[in-house]
2 protein chains.
Amino acid sequence: MELIESHLIDKSICPVARTAQVLSGKWTILIIRDLATGVKRFNQLERSLQGISPKTLSERLRSLEEEGIISRQTFAEAPPRVEYSLTEKGYDLVPVIDSMRDYGKKWLCDDK
Amino acid sequence: MELIESHLIDKSICPVARTAQVLSGKWTILIIRDLATGVKRFNQLERSLQGISPKTLSERLRSLEEEGIISRQTFAEAPPRVEYSLTEKGYDLVPVIDSMRDYGKKWLCDDK
DNA sequence: CGGCATCCCGATTGATACTG
DNA sequence: CAGTATCAATCGGGATGCCG
């Protein structure tokens, strides 16, 4: 078990803390995880993220959009259609999700 | 920008969600980040994590210990000494932190 | 369908003071 | 030094209902 050299961790800038802040919130990472599989509509996300309230989903989507991580495309149809997808900035979070998945599989899941 | 194949994401188990749960909390990841550089004492962490209250630090450390991510070693001295370090389970979170650091440097830090 | 407006709650965090 | 005790505040999140 090697240790990271202390000087490699820049605390003044602390990209870790900033990323953590962006990913904070109970559902944030899961929304990005879902969108990583492709474009999704509001209701698709609502069903996929079992237990999320529409308010919370709406809030998270808006703040992620403001953050530039997801993009929102509306279609003037009846019934209305809104599609959410990852931007490049959002897609670059996939490695984070992947490493979290690896960790979860190794330490937090009994099965497989 | 390729997309992940949907079937590669196992939502029933969802290791991502479990890992997110373990890492939840405002300070959790930062504590692990600090301990990744080596053994630390309570006061060292308190100083390093600017703004954390001793109560919160104490709570986080205890829950991380219960989680098996950090280990706590006490020394019967005067003044008392307690050292915190990462377990193997904790050290395996370093890739997650690394990917978060990479992301933060690329997207969230102007400097460099 | 895709939201927004309200109201509400519990968990998390913080400030501060104090102790073994 | 390494915490605990107490109190207060914040905040994400949930429930429900309404609307274009």
Side-chain angles (χ1 to χ4, degrees), chain A residues 14 16-35 38-67 69-86 90, chain B residues 14 16-35 37-67 69-86:
Chain A
C14 201
V16 181
R18 300 204 188 189
T19 304
Q21 206 170 352
V22 169
L23 296 182
S24 71
K26 185 176 174 180
W27 301 99
T28 308
I29 304 178
L30 303 179
I31 292 172
I32 299 169
R33 174 204 64 185
D34 281 359
L35 291 181
V39 177
K40 295 271 182 307
R41 300 177 61 173
F42 191 91
N43 267 7
Q44 285 182 285
L45 290 169
E46 199 173 2
R47 259 176 281 117
S48 173
L49 305 164
Q50 282 208 358
I52 196 173
S53 69
K55 174 199 168 189
T56 300
L57 179 55
S58 179
E59 283 175 355
R60 289 297 113 209
L61 288 171
R62 195 192 336 282
S63 69
L64 285 173
E65 190 192 358
E66 286 169 3
E67 199 66 64
I69 287 174
I70 70 178
S71 79
R72 183 188 128 114
Q73 191 169 11
T74 61
F75 299 85
E77 304 173 352
R81 180 158 60 106
V82 182
E83 291 185 344
Y84 297 92
S85 57
L86 291 185
Chain B
C14 202
V16 181
R18 300 204 189 189
T19 304
Q21 206 170 350
V22 169
L23 296 183
S24 71
K26 185 176 176 182
W27 299 99
T28 308
I29 305 178
L30 303 180
I31 291 172
I32 299 169
R33 174 204 64 184
D34 281 359
L35 290 182
T37 66
V39 177
K40 295 274 183 304
R41 300 175 63 170
F42 191 91
N43 265 8
Q44 285 183 286
L45 290 169
E46 199 173 2
R47 260 176 278 117
S48 174
L49 304 164
Q50 281 208 358
I52 196 172
S53 67
K55 175 195 165 192
T56 301
L57 179 55
S58 177
E59 282 175 357
R60 289 297 112 207
L61 287 172
R62 197 192 330 284
S63 69
L64 285 173
E65 189 191 359
E66 286 169 4
E67 201 63 66
I69 287 174
I70 69 178
S71 80
R72 184 189 126 114
Q73 190 168 9
T74 62
F75 299 84
E77 305 172 354
R81 180 158 60 108
V82 182
E83 292 185 343
Y84 296 93
S85 57
L86 291 185

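Chain letters run A, B, ... following the sequence lines, proteins first and then strands; every chain starts at 1. Values below: all heavy atoms of this structure, side chains included; hydrogens, waters and symmetry mates excluded. Only a predicted model underlies this, so the values are computations on that prediction, with no experimental measurement involved.
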Ignoring hydrogens and geometry, is there a side-chain-to-backbone donor-acceptor pair from B:S48 to B:L45 under 3.5 Å?
no
Could you tell me how far apart A:I52 (CD1) and D:dG13 (P) are, to the nearest whole angstrom?
8 Å
From CZ of A:R41 across to C1' of C:dG2 the rounded distance in Å is 9 Å
Whole-Å gap separating C1' (C:dG3) and CD (A:E65)
13 Å
With distance as the sole test, does B:S58 use its side chain to make a donor-acceptor pair with the main-chain N or O of B:P54 at under 3.5 Å?
no
Length of the line joining B:L57:CG and C:dG14:C1', which is rounded to integer Å:
13 Å
Look up atom CZ in B:R33 and atom CG in B:L30, then write down how far apart they are to the nearest 0.5 Å.
4.5 Å
Contact list please: residues 72-80 of chain B against DNA chain C, heavy atoms, distance less than 4.0 Å, in numerical order.
B:P80
Please confirm whether any donor atom in the side chain of A:K55 sits under 3.5 Å from an acceptor in the base of D:dG13, or the reverse.
yes
Nearest whole Å is fine: how far is D:dG13 C1' from B:K26 NZ?
18 Å
Atom CG of A:L30 to atom P of D:dG12: distance rounded to whole Å?
17 Å
Respond yes when some side-chain nitrogen or oxygen of A:R62 is under 4.0 Å from OP1 or OP2 of C:dG3, and no when none is.
no
Short side-chain N/O contact to D:dT4 OP1/OP2 from B:S58, under 4.0 Å
yes
Length of the CD-C1' vector between A:E46 and D:dA15, whole Å:
13 Å
Strictly below 4.0 Å: does A:R60 bring a side-chain N or O up to OP1 or OP2 of D:dG13?
yes
Given C:dC4, C:dG3, C:dT13, the nucleotide with the shortest approach to the side chain of B:T56
C:dT13
Any chance CD of B:Q50 has more than 12 other-residue heavy atoms, nucleotides or ligands included, within less than 6.0 Å?
no
Straight-line distance of B:K40 NZ to B:S85 OG, nearest 0.5 Å
10.5 Å
Gap between atom CD of A:E83 and atom CD1 of A:I70 - 0.5 Å precision
12.5 Å
Carefully, step by step, assess B:I31 and B:L57 under the rule side chain to side chain contact (heavy atoms under 4.5 Å, CB included).
CA-CA 9 Å; B:I31 291 172; B:L57 179 55; 3.9 Å; yes
Pick base, sugar-phosphate or nothing for A:E59, based on heavy-atom distances below 4.0 Å to the nucleic acid.
nothing
Presence of B:Y84 side-chain N/O under 4.0 Å of D:dC1 phosphate oxygens OP1/OP2:
no
Nearest whole Å is fine: how far is D:dC1 P from B:E83 CD?
14 Å
Closest to the B:F42 side chain, choosing from C:dA17, D:dA2, C:dC4:
D:dA2
